[in-house]
Each structure stands twice: as C-alpha cells, then as structure tokens.
Amino acid sequence: MLEAPNTQAFADHGVHIQKDVVTDTRPAITPVVKHEANDNHPSFERVGERRTFELPRVIWLGMIACYAVFLTALLASTGGGRAGFAIAVSAVYIIMFFGTARVIARQGPPQSASHLVRHGATLQTAFGPMSRGAVFGQILIVPVAVAVFGLAIAGIIAVVM
C-alpha cells in the first residue's frame, strides 16, 4: 500500500509543507509597480484615449461616398444576379469597417471638432505639419482610386456588352 508523503498541517492556514523538501530562505526580489491596475490594487478611473482621429467629417463622408460609388457602379454594370450577393457581402464589410471605427471613437470622451475644418489649418504628424490639402489627398487617394476603378469596370462592361 502506498503511503502519503510526510506533511505537517498548520491549523491557522491549512498549508501543507513536506519535511524533506529544502526551501529557499532568501527573500524573493519582486518588482512592485505602485499604480498597477489589477485585482490587488484599486483601479483608477479610466478616461479613454485622449488622441483623436483629427479628421473632419468631410473626409469620412468622402470615403463613404467613394465606396458607395464603387459598389453602385459594380451593381449597375453587372445587373445584380449572381454578382449581387458578392456586392452585398462587400457592402457589409465596408459598413463594418466604418461602423467599427465609429463605435471605437465613441468609447472615449467627447472629442472636439477637427481643426482641419478651417482652410489653412495644418495637421501635426510625426514628420512635421501637413497642410489641409495634403491630408485630404493622402487619405482620399485610395477611396477615389477605388471609385474610379468601379466606374472604369462599369464603362468597360457597357462598351463590351
């Protein structure tokens, strides 16, 4: 029959220690983070990210409009049918993309209006200030290219068919 290991029970804590095990008696060096938010310390109020997208509403509406032009051009040129389902799935992904950004932006504190609304304003970047026109150009180049691509597909299909 197997025997249990030799243990000693402490009534106060219910801790079992084996007598034949040598324990390290040196004090453990444990780094302590004074304001760490965990279960052992009270957490501080969370205020959310203080940085904003710093983009005016016009840019967001411009991006959405470009993708709407793309999907509408594809839907009009293919006539719906079998391609309609793929276009609908693409529309859902685009809605999720912009919707997720909107939901995440609303999780933080209220954001002030973008200063890029004013003409002549600049946006501070890691590489220096960018003019309003440069910001619009850099952000809208891909959506505009996608919209032009959709219109080109619609034009090619109209000419060929």
Side-chain angles (χ1 to χ4, degrees), residues 13-15 24 26-161:
H13 304 290
V15 176
D24 189 11
R26 294 179 296 170
I29 299 173
T30 307
V32 177
V33 180
K34 190 170 187 172
H35 297 294
E36 181 180 11
N38 60 27
D39 293 341
N40 299 327
H41 303 287
S43 62
F44 298 98
E45 179 183 350
R46 297 193 177 156
V47 294
E49 179 69 35
R50 290 290 180 196
R51 296 195 57 186
T52 63
F53 286 117
E54 298 180 19
L55 300 176
R57 184 178 182 94
V58 175
I59 290 181
W60 290 101
L61 293 176
M63 286 190 287
I64 293 169
C66 287
Y67 287 112
V69 166
F70 172 71
L71 294 177
T72 304
L74 288 183
L75 191 61
S77 62
T78 59
R82 295 189 326 195
F85 179 73
I87 294 169
V89 169
S90 297
V92 168
Y93 279 120
I94 291 170
I95 290 168
M96 285 174 31
F97 175 79
F98 286 108
T100 301
R102 185 167 176 89
V103 167
I104 290 173
R106 287 184 171 218
Q107 295 301 312
Q111 299 177 2
S112 60
S114 173
H115 60 275
L116 287 175
V117 174
R118 298 183 318 268
H119 290 284
T122 60
L123 176 69
Q124 289 298 328
T125 67
F127 300 104
M130 286 180 63
S131 69
R132 183 175 188 258
V135 171
F136 276 58
Q138 278 196 352
I139 292 175
L140 292 177
I141 189 70
V142 172
V144 168
V146 168
V148 169
F149 176 68
L151 292 172
I153 291 174
I156 292 170
I157 290 175
V159 169
V160 172
M161 302 292 245

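Only a predicted model underlies this, so the values are computations on that prediction, with no experimental measurement involved.
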Validation row: F98, M63 side chains within 4.5 angstrom (heavy atoms): yes

To the nearest 0.5 Å, what is the distance between CZ on R57 and CD1 on I64? 8.5 Å

Measuring from atom CG of L123 to atom CG of L55, what distance do you get when rounded to the nearest 0.5 angstrom? 7.0 Å

Could you tabulate the donor-acceptor pairs under 3.5 Å formed by side-chain atoms of residues 125-149, not counting sequence neighbours?
{"residue": "T125", "atom": "OG1", "partner": "F127", "partner atom": "N", "Å": "3.3"}
{"residue": "T125", "atom": "OG1", "partner": "G128", "partner atom": "N", "Å": "3.3"}
{"residue": "T125", "atom": "OG1", "partner": "G128", "partner atom": "O", "Å": "2.4"}
{"residue": "S131", "atom": "OG", "partner": "A134", "partner atom": "N", "Å": "3.3"}
{"residue": "R132", "atom": "NE", "partner": "L116", "partner atom": "O", "Å": "2.6"}
{"residue": "R132", "atom": "NH1", "partner": "H119", "partner atom": "ND1", "Å": "3.1"}

Would you be so kind as to tabulate the donor-acceptor pairs closer than 3.5 Å made by side chains of residues 67-86, with sequence neighbours excluded?
{"residue": "T72", "atom": "OG1", "partner": "A68", "partner atom": "O", "Å": "2.7"}
{"residue": "S77", "atom": "OG", "partner": "A73", "partner atom": "O", "Å": "2.9"}
{"residue": "S77", "atom": "OG", "partner": "L74", "partner atom": "O", "Å": "3.1"}
{"residue": "T78", "atom": "OG1", "partner": "L74", "partner atom": "O", "Å": "2.7"}

With M96, which residues qualify under side chain to side chain contact (heavy atoms under 4.5 Å, CB included), at least two apart? V92, Y93

Residues that R118 engages under side chain to side chain contact (heavy atoms under 4.5 Å, CB included), provided they are two or more places apart: H115, A121

